[in-house]
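Here is the structure we will look at.
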Amino acid sequence: VTVEYADLPALALESGQTLDSIRIAFETFGRRSRDDDNVVLVCHALSGDAHAAGHYVDGGPTAVDGIGAEERGIRSGAGVGWWNNLVGPGKAFDTDRYHVICTNILGSCRGSTGPASVNPAPGRPFGPDFPVVTVGDMVRAQRALLDHLGIDRLLAVAGGSLGGMQALEWSITFPDAVDCCILTASTAALGTQGVALNAVARSAIMADPDWQGGRYYGTDRQPDAGIGVARMIGHITYLSAVSLQEKFDRRLQDRDTYSYKLAEPDFAVESYLQYQARAFAGRFDANSYLYISRALTYFDAARNHGGGSLERALSEVRARFLLLSFTSDWIYPTADAIRLETALRAAGKLVERHEIETTYGHDSFLLEDVEQTRYIREFLARSRAG
Ligand code: COA
């Protein structure tokens with residue numbers, strides 16, 4: 001696998017602003033059929049990238065649009081695709097059968113155009129001058145890429161979390177282009193608790209003096225502390241109370257008793273969060289985090305497409321749906337999947353929903369493979385058979 005880039009023409013955004021040109025990073029897996037009837041688009045979550053599957057042997061997709069990765073302190077990833085559990089030969093999205101495409105979303109820092117990209121007019125990174133982007137804009141950028149590749153229809157569009165929002169948006173915005181829509185650990189609108197926690201995470205970045213109003217590129221300071229705290233908050237929401245307990249209990253890190261020092265990470269869970277924070281600060285741009293987190297909270301299928309009614313928003317949808325949720329996911333709970341299922345049924349659409357028992361929390365969509373594989377394989381096989 002290798003990351004590819006497409007330079008695409010101007011994109012008009014929901015905010016009313018326009019990006020004069022955009023670059024989209026993408027990867028493909030499996031062969032495209034002669035009739036183009038086997039294309040599956042998989043969509044990543046907040047901090048993912050185009051590298052959905054496979055394993056880089058020579059470092060991760062560090063090339064970024066506009067400004068050098070090293071300059072921005074972005075190190076190569078461990079190299080394993082974020083949905084490697086589900087995408088590959090014989091897996092849920094079987095690359096012996098399907099041609100799987102994954103794009104890095106608009107606004108990200110992992111190869112597609114985002115706030116770290118160079119704004120051509122002044123010739124320096126956009127920073128806070130980057131326009132606010134929405135899930136709808138991300139999807140239209142994906143549509144532009146597929147047009148560029150000569151692909152009209154998708155057998156399926158699938159994703160977890162923010163990726164599932166993109167899948168739902170696809171089915172609403174381009175109803176004739178999508179046969180199947182798979183949402184796992186996702187929702188038609190993030191709950192208020194999620195909106196609140198995203199606001200705290202963004203505040204942590206903007207409160208870091210090294211954020212410098214978003215104009216930190218090219219300076220020798222960047223808001224690593226702020227994005228680290230944002231990641232810690234996010235990371236706690238990705239796990240469950242049970243998984244935290246099971247992983248760390250109240251274990252102390254490398255010691256038998258408390259240090260009695262305020263700044264010492266005494267507990268194993270503290271040390272773990274600090275490790276995750278450092279790792280994230282090393283690979284993700286803080287401004288991208290702000291923009292994508294904003295898009296995540298703006299997504300509201302009912303408000304954006306149905307004048308407040310989810311059923312009305314879904315009225316033109318033609319895809320059949322598979323909705324998966326996880327018992328321990330408290331941030332994208334099963335209640336959200338049920339709400340979407342109910343609205344789809346009321347709108348007369350075909351929908352299948354399953355709740356999977358796990359302790360992994362929201363991260364289940366990445367980590368749980370056995371049942372997700374079974375449901376997705378069966379759903380795709382049935383759909384393909386008509
Ligand atoms: N102190 C310091 N580091 C610790 C630690 C401790 N007490 N305990 C574990 N670690 C480190 C390990 O050394 C390991 O490091 P490595 O990744 O460099 O090898 C890492 O933490 C393991 O993390 P863990 O979360 O336990 O791995 P996992 O296999 O259970 O989960 C992921 C893998 C990718 C799902 C998880 O790490 C992750 O990043 N989750 C967030 C993914 C995400 O963005 N989800 C949200 C989508 S919206």
Side-chain angles (χ1 to χ4, degrees), residues 42-49 51-53 55 59-60 75-86 102 104-105 107-110 135 138 158-167 183-187 190-191 193-195 197-198 201 227-228 230-240 242-255 259 264-285 288-289 292-297 299 324-326 328-333 336 358-369 372:
V42 298
C43 306
H44 68 73
L46 198 160
S47 58
D49 54 32
H51 188 44
H55 190 189
R75 295 180 288 272
S76 58
V80 180
W82 58 271
W83 234 2
N84 199 48
N85 283 337
L86 298 187
C102 182
N104 181 221
I105 53 177
S108 182
C109 55
R110 307 285 295 169
V135 171
M138 294 169 185
S161 197
L162 173 65
M165 295 177 180
Q166 293 161 58
L183 275 74
T184 170
S186 195
T187 180
L190 185 64
Q193 193 182 23
V195 173
L197 288 164
N198 270 276
I227 196 172
R231 183 59 168 182
M232 287 185 186
I233 296 161
H235 211 92
I236 296 167
T237 70
Y238 306 149
L239 303 174
S240 69
V242 173
S243 66
L244 273 174
Q245 182 71 32
E246 280 174 353
K247 258 170 128 94
F248 304 107
D249 201 353
R250 284 181 51 86
R251 224 174 46 247
L252 299 179
Q253 178 77 21
D254 301 331
R255 64 176 82 246
S259 69
E264 237 5 73
D266 278 359
F267 292 95
V269 69
E270 282 183 274
S271 153
Y272 171 76
L273 288 175
Q274 288 190 357
Y275 174 82
Q276 296 291 346
R278 273 194 307 277
F280 193 63
R283 77 173 179 86
F284 211 79
D285 177 53
S288 277
Y289 194 98
I292 299 171
S293 163
R294 191 37 113 190
L296 184 73
T297 59
F299 183 71
L324 301 176
S325 67
F326 303 91
S328 52
D329 183 354
W330 52 275
I331 195 84
Y332 291 72
D336 286 11
T358 65
T359 58
Y360 293 131
H362 185 54
D363 268 349
S364 300
F365 83 87
L366 298 169
L367 297 173
E368 197 291 327
D369 51 1
Q372 285 200 102

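Owing to the predicted nature of the structure, the values given are computational and were not obtained by experimental measurement. Both counts, for ligands and for their atoms, begin at 1 and track the order of listing. Just so it is clear, the values below take in all heavy atoms, side chains as well, and ignore hydrogens, waters and symmetry mates.
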Got the closest protein heavy atom to [atom], with its distance?
{"atom": "atom 41 (C) of ligand 1", "answer": "Asp363 OD2, 3.4 Å"}
{"atom": "atom 29 (O) of ligand 1", "answer": "Leu367 CD2, 4.7 Å"}
{"atom": "atom 4 (C) of ligand 1", "answer": "Tyr272 CD1, 3.9 Å"}

Taking heavy atoms and a distance under 4.0 Å, where does Tyr275 meet ligand 1: side chain, backbone, both or neither?
-> side chain
Answer side chain, backbone, both or neither: which part of His362 comes under 4.0 Å from ligand 1, heavy atoms only.
-> side chain
Pair Thr237, His362: side-chain N/O donor-acceptor within cut-off below 3.5 Å | no
Quiz question for you: does at least one protein heavy atom lie closer than 4.0 Å to [atom]?
{"atom": "atom 12 (C) of ligand 1", "answer": "no"}
{"atom": "atom 9 (C) of ligand 1", "answer": "yes"}
{"atom": "atom 25 (O) of ligand 1", "answer": "yes"}
{"atom": "atom 34 (C) of ligand 1", "answer": "no"}

Lys247, His235, His44: member with heavy atom nearest to atom 39 (O) of ligand 1 | His235
When you compare ligand 1 with [X], is there at least one nitrogen or oxygen pair between them that comes in under 3.5 angstrom?
{"X": "Gln276", "answer": "yes"}
{"X": "Gln253", "answer": "yes"}
{"X": "Leu366", "answer": "no"}

Candidate pair Ile105 and Cys43, rule side chain to side chain contact (heavy atoms under 4.5 Å, CB included), full reasoning | CA-CA 8 Å; Ile105 53 177; Cys43 306; over 6 Å; no
Considering all heavy atoms, the nearest Leu239-Trp330 contact | O-NE1, 3.0 Å
What one should report as the nearest heavy-atom pair of Gln253 and Ala268 is OE1-CA, 3.3 Å
Output for pair (Tyr238 OH, Ser243 OG), nearest 0.5 Å, gives 13.5 Å
Suppose I only count heavy atoms of [X] and a 4.0 Å limit; which atoms of ligand 1 are within that range?
{"X": "Ala45", "answer": "47 (C), 48 (S)"}
{"X": "Ser271", "answer": "1 (N), 2 (C), 6 (C), 7 (N)"}
{"X": "Arg231", "answer": "39 (O), 41 (C), 42 (C), 43 (C), 44 (O)"}
{"X": "Ser161", "answer": "48 (S)"}
{"X": "Ser47", "answer": "44 (O)"}

CZ/Arg255: more than 12 non-hydrogen atoms of other groups inside 6.0 Å = yes
Gln372 and side chain to side chain donor-acceptor pair (under 3.5 Å): which partner among Thr358, Thr184, Asn85?
-> Thr184
Begin from the C-alpha positions of Thr187 and Phe299 and carry the test side chain to side chain contact (heavy atoms under 4.5 Å, CB included) through to its verdict.
-> CA-CA 9 Å; Thr187 180; Phe299 183 71; 5.7 Å; no
Determine, step by step, whether Arg110 and Arg283 satisfy the side chain to side chain contact (heavy atoms under 4.5 Å, CB included) criterion, reporting the C-alpha distance in whole Å, the side-chain angles of both residues, the deciding distance to 0.1 Å, and the verdict.
-> CA-CA 9 Å; Arg110 307 285 295 169; Arg283 77 173 179 86; 4.0 Å; yes
Can Tyr332 and Leu190 be said to form a side chain to side chain contact (heavy atoms under 4.5 Å, CB included), step by step?
-> CA-CA 7 Å; Tyr332 291 72; Leu190 185 64; 3.6 Å; yes
Are the aromatic ring centres of Phe280 and His235 under 6.0 angstrom apart?
-> no
